[in-house]
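One structure is given here, and the rest of the page talks about it.
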Amino acid sequence: MPDLSHIILAVCQALLLLAVAPLVSGYSRVLRAKMHTRRGPGLLQDYRDLVKLMGRQDMHPPASGMVFRVMPVVMMATLLVISTGTPILTRFSPIQAAGDLITTIYLFALARFFFSLSGIDSGSSFAGIGASRELTLGVLVEPVMMLALIMAALLAGSTDLGTIGTAIAAGHVHSLTATVVAAVAFAFAVYIELGKLPYDMAEAEQELQEGPLTEYSGPSLALVKWSLSLKQVLVVGWFAGVFLPFGSSTDLSVTGILLGLVVFALKIAVAFLVVGVIENSVSRARFRFTPQHSWIGVGVASLAFVFYLVGL
């Protein structure tokens, strides 16, 4: 069982990520606008949108069921649990039970499952099509993530995310080449998971990718949008905590945690800057080409396993 200090760290970390998630989403939108040489929304626009949605009426389609109603809460709660176990400010998982590789993967899959199922449960044809796209994307991306993380677990000798990050930071891995290749494969999967070009659709709610959100309104829509912003921060933090743990605190000291917070903020800023440059350098791809691209990630992750077997 985690002690009180670890529980406090886990709760504070989850609340911090929840608070800054709309800011990171706004930062990404500002970067896109600047690269398009237009003014665009302000950095705090996502907070304003959430406040406006919270003040509106929550409507439900007549054909919707229980899954449609509980999905926003389940999705947010699942992501907050992941936030308590991901090694972000520290090199160790604040709560090890939630920071296990297998547990984290299943929790992300649970959030995706409810998100997709809510689209089907709404009774809307657009939402159903969007839900099928979301499930298809999960089938394509999650194997790449699993292969890369399992490869990292083999190299570190543990499935605990904090232990993997600590081993990589200390250089206690059996194969440096395999580690780098696995990191590349995981970064590729994270990019697809972020929903950026060329794998995104237009942001209007009537488009297919936003299909599961078509019938949501008011506080429920605000909660789902907040959850999606939190998910983007989490997947980038997941990558940084496992493959780029440098600068994170090795203990529970206030100085170390504050330094880890500053370093994590820099990692997030650089990561979304790189993502923004890539996103605005490519055009939108047809969704049917996504399976072909996802095989690149599978191939790179498999190559990391080959390097691991030969000891390079």
Do you reckon [X] sits in the same ILVMFWY cluster as [Y], going by side-chain contacts under 4.5 Å, direct or chained?
| X | Y | value |
| --- | --- | --- |
| I102 | L154 | yes |
| V277 | Y191 | yes |
| I278 | V190 | yes |
| L18 | V11 | no |
| L110 | M71 | yes |

Shortest non-hydrogen contact from [X] toward [Y]:
| X | Y | value |
| --- | --- | --- |
| A185 | V300 | CB-CG1, 3.8 Å |
| L23 | L43 | CD1-CG, 3.7 Å |
| A153 | I164 | CA-CD1, 3.9 Å |
| A169 | F246 | CA-CE2, 3.6 Å |
| T90 | I257 | CG2-CG1, 4.4 Å |
| P41 | V30 | O-CG2, 3.6 Å |

Worked check of side chain to side chain contact (heavy atoms under 4.5 Å, CB included) between Q232 and V236: CA-CA 6 Å; Q232 289 193 350; V236 174; 5.9 Å; no
Indicate yes or no for a side-chain donor-acceptor contact from [X] to the backbone of [Y] under 3.5 Å, with no hydrogens or angles considered.
| X | Y | answer |
| --- | --- | --- |
| S25 | A21 | no |
| S227 | M75 | no |
| T103 | G99 | no |
| K267 | G241 | no |

Kindly compute the distance separating [atom1] ([X]) from [atom2] ([Y]), expressed to the nearest 0.5 Å.
| X | Y | atom1 | atom2 | value |
| --- | --- | --- | --- | --- |
| L50 | W226 | CG | CH2 | 6.5 Å |
| M66 | S118 | CE | OG | 12.5 Å |
| L89 | S248 | CG | OG | 7.5 Å |
| T86 | L17 | OG1 | CG | 8.0 Å |
| L176 | L155 | CG | CG | 9.5 Å |
| T78 | I82 | OG1 | CD1 | 6.5 Å |

Can a salt bridge be assigned to the pair R29 and D46 using a cut-off of 4.0 Å between side-chain N and carboxylate O? yes
Contact between [X] and [Y] at the side-chain level, heavy atoms closer than 4.5 Å - yes or no?
| X | Y | result |
| --- | --- | --- |
| L140 | I192 | no |
| Y27 | I268 | no |
| P87 | F92 | no |
| L244 | F239 | yes |
| L80 | L230 | yes |
| H6 | I95 | no |

The test is side chain to side chain contact (heavy atoms under 4.5 Å, CB included); show your working for F108 and E193 and say whether it passes. CA-CA 11 Å; F108 269 115; E193 189 69 31; 5.8 Å; no
Which one of I88, I8, T84 satisfies the side-chain contact (heavy atoms from CB on, under 4.5 Å) criterion with Q13?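 The passing option is I88.
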Just wondering, are more than 12 heavy atoms of other shown residues or ligands nearer than 6.0 Å to [atom1] in [X]?
| X | atom1 | result |
| --- | --- | --- |
| F113 | CZ | no |
| R39 | CZ | no |
| Y47 | OH | yes |
| M146 | CE | no |
| M35 | CE | yes |
| Y106 | OH | no |

Would L234 and S83 count as a side chain to side chain contact (heavy atoms under 4.5 Å, CB included) here? Give the steps. CA-CA 7 Å; L234 267 178; S83 302; 3.6 Å; yes
Working for side chain to side chain contact (heavy atoms under 4.5 Å, CB included), residues L149 and W238: CA-CA 10 Å; L149 288 174; W238 195 13; 3.2 Å; yes
Looking only at the aromatic ring of each residue, does the gap between the centers of H60 and Y216 stay below 6.0 angstrom?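 No, the ring of Y216 stays outside the 6.0 Å limit from the ring of H60, centre to centre.
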Is it true that the side chains of D100 and Q96 contain a donor and an acceptor less than 3.5 Å apart?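 Looking only at side-chain atoms, Q96 and D100 do not form any donor-acceptor pair under 3.5 Å.
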For a quick check under 3.5 Å, do D160 and S158 share a side-chain donor-acceptor pair by atom type?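 No, no side-chain donor-acceptor contact under 3.5 Å.
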With respect to S253, which candidate in T250, T255, D251 satisfies the side chain to side chain donor-acceptor pair (under 3.5 Å) definition?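 Considering T250, T255, D251, a side chain to side chain donor-acceptor pair (under 3.5 Å) with S253 is found only for D251.
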